[in-house]
Amino acid sequence: MPTESQPVAGNFIRSIIDDDIKSGRCRGVVTRFPPEPNGYLHIGHAKSICLNFGLARDFGGVCHLRFDDTNPAKEDMEYIDSIKESVRWLGFDWGENLYNASDNFEKLYEWAEYLIGQGKAYVEDLSAEEIRRYRGTLTEPGVESPYRSRPVEENLSLFRAMRRGEFPDGAKVLRARIDMSSPNMNLRDPVIYRIINAAHPHTAERWKIYPMYDFAHGQCDAIEGVTHSICTLEFEDHKPLYDWFLENLPVESKPKQYEFARLNLTYTVMSKRKLHELVSAGFVNGWDDPRMPTIAGIRRRGYTPESVRAFCERIGVGRSDSWIDISVLEECVREELNEKAPRAMAVLRPLKVVILNYPDGKTEEFDAANHPQRAEMGERRISFSRELYIDADDFMENPAKGFFRMTPGSEVRLRYAYIVRCVGVVRDESGKIIEIHCEYDPDSRGGAAADGRKVKGTIHWLSVAHSADAEIRLYDRLFTEPYPDRGDADYKTFVNLLSEERVAAKIEPQLSTVSAFSRYQFERLGYFCADEKDHLADHPVFNRIVTLRDSWAKR
RNA sequence: UGGGGCGUCGCCAAGCGGUAAGGCACCGGAUUUUGAUUCCGGCAUCCCCAGGUUCGAAUCCUGGCGCCCCAGCCA
């Protein structure tokens, strides 16, 4: 149904649909998201999903999910399942409208015979290599195949024999008879059927021949009644072919194709081939590794569907090749999680602090807000005692200029607790600081000094006796270069080997029993998410989704 | 030297002949027990370049320049 409430950013496709509705070219809007099940969906697909499903939603139409399963050599049921899951996770529902190109194999086959009957398709005996040579080049026209003028009857019986499986892979193909001298390479008698002996995820062993994308996509659109067939820019040259089939076949509707620029994101790669390679070469731990730009990976990292949708809205839809900075994506989760995520404290690199003037054995509890701006999210109690942990990053023996955390001799506030002053350090044999000695101001209970004096720095902490162990996985960008696959260097040389760091951290104890996908802001550190697969009560695992903005670290 | 696209602020992106939206980034400043958040304020006399049409152009015309895509029996 139309969501007149939130204003949607205009884009050229919306304008086209507006016009089509005003002019009556179409009454309803039917779009489709047509993935090939040969890999996991990535953030680029999310852009397409949001576009197609979003258009259908906003114009009161429907969006089909259609598997473009025309090449059994590459496709697999695992991918079909993961794709459905990703689309659902993103928050979209195809309802009854689940289709497969393979649902139409019989019809497509019939249409191929129809074309043959019209003298518009022929069986080719040339080898793949010969076909390539005969095709010509960008600047020279192609040469017609000697088999181009085969009689209709011969074509028909050969094509039927192909279907029966009488030839090995590659022995023959069916070609559309269009124009070998077209400046558009796609029109130089494109191959429309090839022989593939492989099990198909949907049709199993039923077929020996499979239609090419060009001979399936537009026809499926027409069969399903798709009104606006939206694809990426590189298919623009295929549009004349798309239209040619619709014009030369007895189809009942004429969908129109529109193209938009695919998403490119800095510090990552988006091609399925490279994503496959990262997985198989072991650079990451599977398709859902939290560093992967796959929807499964982004999800496991802890991103919310809302934030991914917000991202897709924010980047817009255009026709110019564009690279979106990954920080735009990161900012989208921050915005959402800042609103919604409860706060908690965690210490990534524990450094022990002993409060010398605090009674041994004493424990106090402090109230900590679960959200500084949203009182309705309540409070929790935090235990304080003589021995604490702070983050090693929050102490500097010789402070850099502008550093206002813990430093010898100066005061710092322990969030929600007391103001303390570092009065000494303990070192191990190598000279490394392993413990810090502090004194606290008893008149600063809760963190505010009784005399009203200002303390610039506030740091997070955990009581040694009241904290739990946790594994925290610190994720960073997968590549060290903003454009890893630009230029001629192998993109793999830019893989960031430090993109995952696992630290033995400390957390507030109640965090260990939280359910998978629970998200928190660990104060001053960032947003974290209980890992989907590895988080257990006796071994809590949190993934860092994204750090907080940090104007100190930036310096 | 073929064909198809694209070129508006650092990154996206509106704009469709009437005198440059918005977001992100960035820079100031205020508040802050997260160096977070929030809040104010700043940020293209100019739209790849050069001509032309027009009272008036980023928007129309002409000519350049730059970038992307196409020679799979992949999608």
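Everything quoted here is computed from the prediction, not taken from an experiment. A, B, ... follow the sequence lines: proteins, then strands. Residue 1 opens every chain.
Atom name C1', nucleotides C60(B) and U54(B): the rounded distance is 9 Å, in whole Å. Taking atom P on both nucleotides, G63(B) is separated from G10(B) by 30 Å, rounded to a whole Å. For the C1' atoms, the distance from C48(B) to C40(B) is 36 Å, rounded to whole Å. Remark: the separation of the P atoms in C47(B) and A21(B) is 14 Å, to the nearest Å. Nucleotides A44(B) and A30(B) place their P atoms 24 Å apart, quoted to the nearest Å. The separation of A25(B) from C11(B), taken at their P atoms, amounts to 15 Å, rounded to a whole angstrom.
Searching all strands for a Watson-Crick or G-U wobble partner of C67(B) with both distances below 3.5 Å returns G5(B). Using Watson-Crick or G-U wobble geometry with both donor-acceptor distances under 3.5 Å, G41(B) finds its partner in C27(B). Across all strands shown, A57(B) remains unpaired; no Watson-Crick or G-U wobble contact has both distances below 3.5 Å. Of all nucleotides present, none satisfies the Watson-Crick or G-U wobble test against A14(B) with each distance under 3.5 Å.
One interatomic measurement links the two molecules: CZ of Arg524(A) to P of U34(B), which rounds to 10 Å at whole-angstrom precision. Nucleotide C70(B) holds its P atom 21 Å from the CG atom of Asp189(A), rounded to whole Å.
Glu166(A) meets the side chain to side chain contact (heavy atoms under 4.5 Å, CB included) test with Ala161(A), Arg164(A); sequence neighbours excluded. Residues passing the salt bridge (Lys or Arg N to Asp or Glu O under 4.0 Å) test with Glu339(A): none are found, sequence neighbours excluded. Residues satisfying the salt bridge (Lys or Arg N to Asp or Glu O under 4.0 Å) criterion with Glu376(A), sequence neighbours excluded, are Arg374(A). Every residue was checked against the salt bridge (Lys or Arg N to Asp or Glu O under 4.0 Å) condition with Lys456(A), not counting sequence neighbours, and none meets it. Applying the side-chain hydrogen bond (donor to acceptor under 3.5 Å, both in side chains) rule to Tyr109(A) yields the partners Glu113(A); only residues at least two apart in sequence or on another chain are considered. Considering only residues two or more places apart in sequence or on other chains, Arg549(A) meets the side-chain hydrogen bond (donor to acceptor under 3.5 Å, both in side chains) condition with none of them. With sequence neighbours excluded, the residues satisfying salt bridge (Lys or Arg N to Asp or Glu O under 4.0 Å) with Glu234(A) are Arg262(A).
Residue Arg135(A) places at least one side-chain N or O under 4.0 Å from the OP1 or OP2 atom of C73(B). In this model, the phosphate group of C16(B) is not approached by any side-chain N or O of Ser15(A) to a distance below 4.0 Å at OP1 or OP2. Arg194(A) has no side-chain polar atom (N or O) that falls below the 4.0 Å cut-off from OP1 or OP2 of G72(B).
Counting any heavy atom pair closer than 4.0 Å across all strands shown, Pro372(A) reaches a base atom. Residue contacts shown for Gly170(A) include a base, since a base heavy atom lies under 4.0 Å away. At the heavy-atom level, Val173(A) lies under 4.0 Å from base atoms of the strands shown. Using a 4.0 Å heavy-atom cutoff across all strands shown, Arg405(A) reaches at least one base atom of the nucleic acid. Among the heavy atoms of the strands lying under 4.0 Å from Val317(A) are primed sugar atoms or P, OP1, OP2 only; no base atom is included. Among the protein residues, Leu525(A) comes within range of no part of the nucleic acid, since none of its heavy atoms lies under 4.0 Å from any strand. Using a 4.0 Å heavy-atom criterion, one finds that His217(A) contacts no nucleic acid atom at all. No engagement by Ser327(A) is indicated, since no non-hydrogen atom pair under 4.0 Å with the nucleic acid exists. At the heavy-atom level, Phe404(A) lies under 4.0 Å from base atoms of the strands shown. Within 4.0 Å (heavy atoms only), Leu126(A) reaches at least one base atom of the nucleic acid. Residue Phe366(A) is classed as having no contact, given no heavy-atom separation below 4.0 Å to the nucleic acid. Across all strands, Tyr210(A) comes closer than 4.0 Å to no nucleic acid atom at all (heavy-atom distances). Across all strands shown, Gly402(A) has heavy atoms under 4.0 Å from base atoms, whether or not it also approaches the sugar-phosphate. At the heavy-atom level, Thr137(A) lies under 4.0 Å from base atoms of the strands shown.
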5' to 3', nucleotides 2-9 of chain B under a 4.0 Å protein heavy-atom cut-off (B base, S sugar-phosphate only, - none) gives BBSSS---
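In terms of position along RNA chain B, the nucleotide closest to Val328(A) lies nearer the 5' end than the nucleotide closest to the other residue of the pair Val328(A) and Glu523(A). Mapped onto RNA chain B by nearest heavy atom, Arg445(A) and Asp325(A) fall at different nucleotides, with Asp325(A) at the one closer to the 5' end.
A salt bridge between Arg453(A) and Asp441(A) is present, with a side-chain N of the basic residue lying under 4.0 Å from a carboxylate O of the acidic one. Salt-bridge formation is detected for the pair Glu277(A)/Arg273(A): a Lys NZ or Arg NE/NH1/NH2 atom is positioned less than 4.0 Å from an Asp or Glu carboxylate oxygen.
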With the criterion being N/O to N/O and under 3.5 Å, what pairs connect the protein with nucleotides 37-44 of chain B, and how long is each?
from: U37(B); atom 1: OP1; to: Arg549(A); atom 2: NH1; distance (Å): 2.6
from: U37(B); atom 1: O2'; to: Asn338(A); atom 2: ND2; distance (Å): 2.9
from: U37(B); atom 1: O2; to: Gln373(A); atom 2: NE2; distance (Å): 3.1

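A75(B) has no base stacking with the ring of Tyr213(A) when judged by centroids under 5.5 angstrom apart and an interplanar angle below 30°.
The Met212(A) side chain lies nearest to C74(B) when the options are A36(B), C74(B), A14(B).
G72(B) adopts a syn glycosidic conformation, its chi angle falling within 90° of 0.
Remark: the Tyr418(A) side chain and the Glu364(A) side chain contain an N/O donor-acceptor pair separated by less than 3.5 Å. A donor and an acceptor atom, one from each side chain of Tyr122(A) and Asp189(A), are located under 3.5 Å apart.
Interatomic distance, Ile116(A) CD1 to Asn155(A) CG, rounded to the nearest 0.5 Å: 5.5 Å.
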